[in-house]
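Below you will find the structure I want to go over with you.
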Amino acid sequence: MCGIVGYVGNDNSLDVLLGGLKRLEYRGYDSAGVAVLDPHGTLHTRKRAGKLKVLVDDLATTPIASGSTGIGHTRWATHGGPTDGNAHPHLGDGGRLALIHNGIIENYAPLKQELLDAGDTFESETDTEVAALLVGRAYRETGDLTEALRHVAGRLEGAFTLLAVHADQPGVVVGARRNSPLVIGLGDGENFLGSDVAAFVEFTRRAVAIGQDQLVTIRPDSVEVIDFAGNPVETSEFEVAWDASASEKGGWSSFMAKEISEEPEAVANTLLGRTEDGVVVLPELEPLGDALLRDIDRIIVIACGTAAYAGMLGKYAIESWARIPVDVELSHEFRYRDPVLSDRTLVVSVSQSGETMDTLMAVQYARQQGAKVLSICNTQGSSIPRESDAVVYTHAGPEVAVASTKAFVAQVTALYLLGLHLALVRGTQDRARLQKLTGELHDVPAKLSKVLEASAGIPQLARWMTDTQSVLFLGRHVGYPVALEGALKLKELAYIHSEGFAAGELKHGPIALIEPGQIVFVIVPSPRDPKSLHPKVISNIQEIKARGARVVAIAEQGDVDAIQHADEVIPIPLASPLFEPLLAVVPLHVFGMELASAKGLDVDQPRNLAKSVTVE
Ligand code: F6R
């Protein structure tokens with residue numbers, strides 16, 4: 001959730017911190033703060049409720065001293081509302097230590113009592129201040145910031161990334177992590193820490209991910225990593241696959257507009273280098289072993305939100321092509337219900353951020369139960385891939401807008417690649433068919449570009465709907481997850497009550513919601529497929545129209561029935577059934593964004609949300 005950045009070097013750390021926070025603001029945006037150590041060892045802090053801009057303006061009006069060591073934070077409130085007082089950093093050791101935190105300290109109550117009993121007083125309602133005061137006390141005993149943080153980290157329960165600086169130690173930033181992300185950026189005479197690589201990619205693309213229960217101490221010329229027991233840890237460096245410009249708006253009105261425009265590229269990049277002789281090759285699966293891939297008797301996809309809808313589409317494709325039963329589970333339900341797992345179960349986690357706490361916990365749980373875990377992830381250096389047996393990266397590039405768009409189509413693409421690869425390994429489809437399917441997948445980016453061109457009328461449709469209170473989305477088969485995704489985007493972006501339904505379920509209840517004027521989006525399957533559910537979905541349209549609904553159909557170009565019965569038709573290019581959802585979802589992404597914009601809302605940072613949900 002919260003964004004964290006730390007810096008030591010020669011530069012004015014405040015500029016580096018504010019630049020990093022700007023790139024991390026998507027992680028949390030209800031308050032922000034910085035702490036900077038000047039060359040004389042004086043600690044300067046400033047923190048403000050509201051978006052980062054409030055802090056930036058405040059610092060412009062009343063600057064603080066510059067220095068070459070500092071930490072910065074953007075917050076997504078957990079303990080205590082979004083106020084100046086609850087914003088980070090929090091102070092310890094009589095104001096000589098500053099600490100920032102991402103996560104939740106679950107045992108903060110007894111620790112707070114201990115501090116109160118010892119005579120400490122609290123300035124905020126946060127769990128973080130407990131850690132700040134404890135590290136301050138430990139520093140007074142040890143005289144060393146790394147040791148002080150190590151001592152306290154071992155006592156904390158829950159999820160946390162902590163960064164601390166102390167006035168006695170200019171040129172030192174110390175971090176610790178458990179179940180919450182922290183990545184090192186390696187510079188020349190300067191080093192960085194960040195919740196993710198976006199914090200420092202402007203300055204360096206050399207990065208090191210820090211493992212579970214580890215601490216890091218950065219100085220301008222050194223980086224040391226130890227575990228919570230104090231043992232040195234070997235680390236390995238990776239190169240960030242994208243540069244700073246990829247995480248900038250580049251002339252677009254919003255990150256979301258830019259990211260939707262990048263959907264074709266997200267699919268194309270995810271396909272890149274993964275085909276040989278017309279069939280899919282995924283060397284990334286080697287750690288799982290071909291024997292397991294042949295013997296799997298069940299796949300469980302675990303994910304949350306949009307990633308879970310991508311998982312639902314993966315289910316249709318993998319079952320159809322590789323003939324393996326697939327269940328899709330919300331990560332937060334999965335590990336609390338005693339799931340049946342065996343060494344022939346493959347658990348596939350899907351996560352854009354690679355940090356979603358619910359999914360991370362489910363991955364850990366699945367491995368403890370003996371299942372192998374494959375992760376589909378968009379973020380290098382994040383926690384979930386590190387905790388998995390194998391990883392297939394989606395190459396959607398950095399996704400900054402809080403609501404997921406291009407990552408969704410990239411996730412579906414990766415799951416389809418998995419399905420095609422499993423079909424090859426298990427011999428469930430002949431080579432010619434696999435080549436045909438792989439070819440169709442490669443045709444998707446060009447078709448997506450056409451969908452975007454054909455979406456030009458959507459802003460007008462959205463403007464017409466700004467007073468709408470409720471929108472329903474219907475789809476069948478692969479159109480069903482698309483309906484769910486369309487509804488989720490509208491809820492989170494435009495704050496409109498919206499629901500996605502399987503169209504076949506309509507008569508079992510939801511049709512009672514239809515009254516004159518109700519807007520219903522319907523994802524219509526292609527009429528060309530002999531087994532298509534097209535006639536049934538067209539009947540559904542007629543049923544709801546008869547009750548006064550206004551229907552917007554997403555339908556294949558030239559679908560005369562859709563044109564005849566719906567009020568509006570958004571056309572998508574011809575594709576075979578399993579590839580249609582990749583095309584049908586894009587107009588819904590555009591619609592959610594346009595309706596939110598027409599209502600004057602911030603499409604990149606919707607209220608109450610944060611990009612990486614790193615708390616349970
Ligand atoms: C919706 C959205 C969320 C995420 C979900 C999982 O637009 O973005 O529903 O899909 O929080 O996030 P990741 O993929 O990072 O695990």
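For the numbers below, each heavy atom of this structure counts, side chains included, while hydrogens, waters and symmetry mates do not. What you see is a predicted model, and the numbers here were worked out from it, not measured in a lab.
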Inset, instruction - Could you give me the CA-CA distance, side-chain angles and deciding distance for Lys47 and His90, then say whether side chain to side chain contact (heavy atoms under 4.5 Å, CB included) is met? - result: CA-CA 10 Å; Lys47 50 191 197 169; His90 291 281; 3.7 Å; yes
Inset, instruction - Decide yes or no on side chain to side chain contact (heavy atoms under 4.5 Å, CB included) for Phe228 and Leu156, but give the supporting numbers first. - result: CA-CA 11 Å; Phe228 281 5; Leu156 304 180; over 6 Å; no
Inset, instruction - Rounded to the nearest 0.5 Å, what's the gap from CG on Leu21 to CG on Leu52? Could you check? - result: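 Between Leu21 CG and Leu52 CG, I get 5.5 Å after rounding to 0.5 Å.
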Legend entry - Ala176 versus Leu182, closest heavy-atom pair with distance: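 Shortest heavy-atom contact: N-CD2, 4.1 Å.
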Legend entry - Closest non-hydrogen atom pair, Leu145 against Ala164: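 Smallest interatomic distance, heavy atoms only, reads CD2-O, 3.5 Å.
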Legend entry - Distance-minimising heavy-atom pair for Ile318 and Gly419: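 In this case the closest contact between Ile318 and Gly419 is CG1-CA, 3.8 Å.
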Inset, instruction - Kindly determine whether Phe579 and Asp443 satisfy side chain to side chain contact (heavy atoms under 4.5 Å, CB included), including the steps that lead there. - result: CA-CA 10 Å; Phe579 298 98; Asp443 290 341; over 6 Å; no
Legend entry - Backbone of Leu288 reached by a side-chain donor or acceptor of Asp389 within 3.5 Å: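 Checked: no pair found.
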Legend entry - Result of checking Ile384, Thr356, Ile376 against Ser349 for side-chain contact (heavy atoms from CB on, under 4.5 Å):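 Filter result, single survivor: Ile384.
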Inset, instruction - Indicate whether any N or O donor in one side chain lies under 3.5 Å from an N or O acceptor in the other, for Asn102 and Ser180. - result: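 Side-chain D/A pair, Asn102 to Ser180: present.
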Inset, instruction - Check whether more than 12 heavy atoms from other residues, nucleotides or ligands sit under 6.0 Å from atom CG of Asp188, and answer yes or no. - result: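 No, the 6.0 Å shell around CG holds no more than 12 heavy atoms from other groups.
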Legend entry - Point-to-point distance, once rounded to the nearest 0.5 Å, from CG of Asn12 to OH of Tyr7: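 So the gap between those two atoms works out to 9.0 Å.
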Legend entry - N/O donor-acceptor pair under 3.5 Å between Gln214 side chain and Gly211 backbone: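 Yes, the answer is positive, given that a donor and an acceptor are paired below the 3.5 Å cut-off.
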Inset, instruction - Fit a plane to each ring of Tyr365 and Phe334, take the angle between them on a 0 to 90° scale, and name the class: parallel (under 30°), tilted (30 to 60°) or perpendicular (over 60°). - result: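 The arrangement is perpendicular - the two ring planes meet at more than 60°.
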Legend entry - Side chains of Val174 and Val135 in contact at under 4.5 Å (non-hydrogen atoms):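 With C-beta onward as the side chain, the pair stays apart.
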Inset, instruction - Please say whether more than 12 non-hydrogen atoms of neighbouring residues, nucleotides or ligands are located less than 6.0 Å from CD in Glu237. - result: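 Counting neighbours around CD of Glu237, more than 12 heavy atoms of other residues, nucleotides or ligands fall under 6.0 Å, so yes.
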Legend entry - Asp30 side-chain N/O to Ala77 backbone N/O, donor-acceptor pair under 3.5 Å: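 Present.
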Legend entry - Between NE2 on residue His73 and CG on residue Leu55, distance to nearest 0.5 Å: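 Output value for this atom pair is 12.5 Å.
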Inset, instruction - Rounded to the nearest 0.5 Å, what's the gap from CG on Leu272 to NE2 on His395? Could you check? - result: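 Result: 8.0 Å between the selected atoms.
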Legend entry - Lys406: which of Glu259, Glu399, Glu262 passes salt bridge (Lys or Arg N to Asp or Glu O under 4.0 Å):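 Testing each of Glu259, Glu399, Glu262 against Lys406, the sole residue satisfying salt bridge (Lys or Arg N to Asp or Glu O under 4.0 Å) is Glu262.
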Legend entry - Thr74 side chain vs Cys2 backbone, donor-acceptor pair below 3.5 Å: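 Between the backbone of Cys2 and the side chain of Thr74 there is no qualifying donor-acceptor contact (under 3.5 Å).
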Inset, instruction - State whether a side-chain donor-acceptor pair under 3.5 Å links Thr146 with Thr217. - result: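 On atom types as modelled, these side chains qualify, holding a pair under 3.5 Å.
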Inset, instruction - State, with a plain yes or no, whether a side-chain heavy atom of Val301 is found less than 4.5 Å away from one of Val326. - result: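 Contact flag for Val301/Val326 side chains = yes.
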Legend entry - Non-hydrogen side-chain atoms of Leu59 and Val34 separated by less than 4.5 Å: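 Sidechains of Val34 and Leu59: in contact.
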Inset, instruction - Fit a plane to each ring of Phe200 and Phe192, take the angle between them on a 0 to 90° scale, and name the class: parallel (under 30°), tilted (30 to 60°) or perpendicular (over 60°). - result: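 Because their plane-to-plane angle lies in the 30° to 60° range, the rings of Phe200 and Phe192 count as tilted.
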Legend entry - Side-chain donor/acceptor of Tyr416 to backbone N/O of Thr438, under 3.5 Å: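 Flag not set: sc Tyr416 to bb Thr438 has no pair under 3.5 Å.
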Inset, instruction - Could you tell me which non-hydrogen atom of Asp343 sits nearest to which non-hydrogen atom of Leu292, and how far apart they are? - result: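 Closest approach of Asp343 to Leu292: O-CD1, 3.4 Å.
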Legend entry - Atom pair CD (Glu265) and OG (Ser449), whose distance is rounded to the nearest 0.5 Å: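 One finds 9.5 Å between CD of Glu265 and OG of Ser449.
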Inset, instruction - Look up atom CG in Leu424 and atom CG in Leu434, then write down how far apart they are to the nearest 0.5 Å. - result: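 These two atoms lie 6.0 Å from each other.
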Legend entry - Within 6.0 angstrom of Lys447 NZ, more than 12 heavy atoms from elsewhere: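 For Lys447, atom NZ is crowded (more than 12 foreign heavy atoms under 6.0 Å).
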Inset, instruction - Look only at the side chain of Thr394 and the backbone of Thr270, and say whether a donor-acceptor pair between them is shorter than 3.5 Å. - result: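 No; judged by distance alone, with no hydrogens or angles, the pair does not exist.
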Legend entry - Under-4.0 Å salt bridge between Arg150 and Glu147: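 Salt bridge present between Arg150 and Glu147.
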Legend entry - Close side-chain approach of Val197 to Gln380, heavy-atom, < 4.5 Å: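 Contact flag for Val197/Gln380 side chains = no.
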Inset, instruction - Please check if the side chain of Arg205 supplies one atom and the backbone of Glu239 the other of a donor-acceptor pair under 3.5 Å. - result: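 Absent.
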Inset, instruction - Take Val348 and Ile300 through the side chain to side chain contact (heavy atoms under 4.5 Å, CB included) test and state the conclusion after the steps. - result: CA-CA 6 Å; Val348 179; Ile300 304 179; over 6 Å; no
Inset, instruction - Flag the pair Arg274 and Glu284 as a salt bridge only when some basic side-chain nitrogen lies within less than 4.0 angstrom of an acidic carboxylate oxygen. - result: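 Looking at Arg274 and Glu284, the cut-off is met.
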Legend entry - Contact summary for Val392 and Leu285, nearest pair of heavy atoms: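 Here Val392 and Leu285 meet closest at CG2-CD2, 3.9 Å.
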Inset, instruction - Flag yes if more than 12 heavy atoms outside Lys51 fall under 6.0 Å of its NZ atom; otherwise flag no. - result: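 Yes - once you tally the heavy atoms of other residues, nucleotides and ligands closer than 6.0 Å, there are more than 12.
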Inset, instruction - Could you check if a side-chain atom of Val444 sits within less than 4.5 angstrom of a side-chain atom of Val409, using non-hydrogen atoms only? - result: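 They are not in contact (no side-chain heavy atoms under 4.5 Å apart), so the answer is no.
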Legend entry - Main-chain N/O of Glu355 paired to Ser353 side chain as donor or acceptor, under 3.5 Å: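 Looks like yes, one N/O pair under 3.5 Å.
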Inset, instruction - Evaluate the side-chain proximity of Met256 to Thr405: yes if any heavy-atom separation is below 4.5 Å, no if none is. - result: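 Yes; the side chains approach each other to less than 4.5 Å.
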Inset, instruction - Decide if atom NZ of Lys258 counts as having more than 12 heavy atoms of other residues, nucleotides or ligands within a radius under 6.0 Å. - result: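 Buried by this count: over 12 neighbours within 6.0 Å.
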Legend entry - Check: Leu420 and Val279 side chains under 4.5 Å, non-hydrogen atoms: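 Result no, sub-4.5 Å side-chain heavy-atom pair not found.
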Legend entry - Which atom of Pro181 lies closest to which atom of Ser195, heavy atoms considered: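 Reported closest heavy-atom pair: CB-O, 3.4 Å.
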Inset, instruction - Check for a donor-acceptor pair, side chain of Gln212 on one end and backbone N or O of Asn179 on the other, with a separation under 3.5 Å. - result: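 It does hold such a pair.
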Inset, instruction - Please answer whether the main-chain N or O of Val391 pairs with a side-chain N or O of Ser375 as donor and acceptor at a distance below 3.5 Å. - result: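 Such a contact is absent between Ser375 side chain and Val391 backbone.
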Inset, instruction - Kindly indicate whether the side chain of Val216, heavy atoms from C-beta on, has any atom under 4.5 Å from the side chain of Thr235. - result: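 A side-chain contact is absent here, since even the closest heavy-atom pair is not under 4.5 Å.
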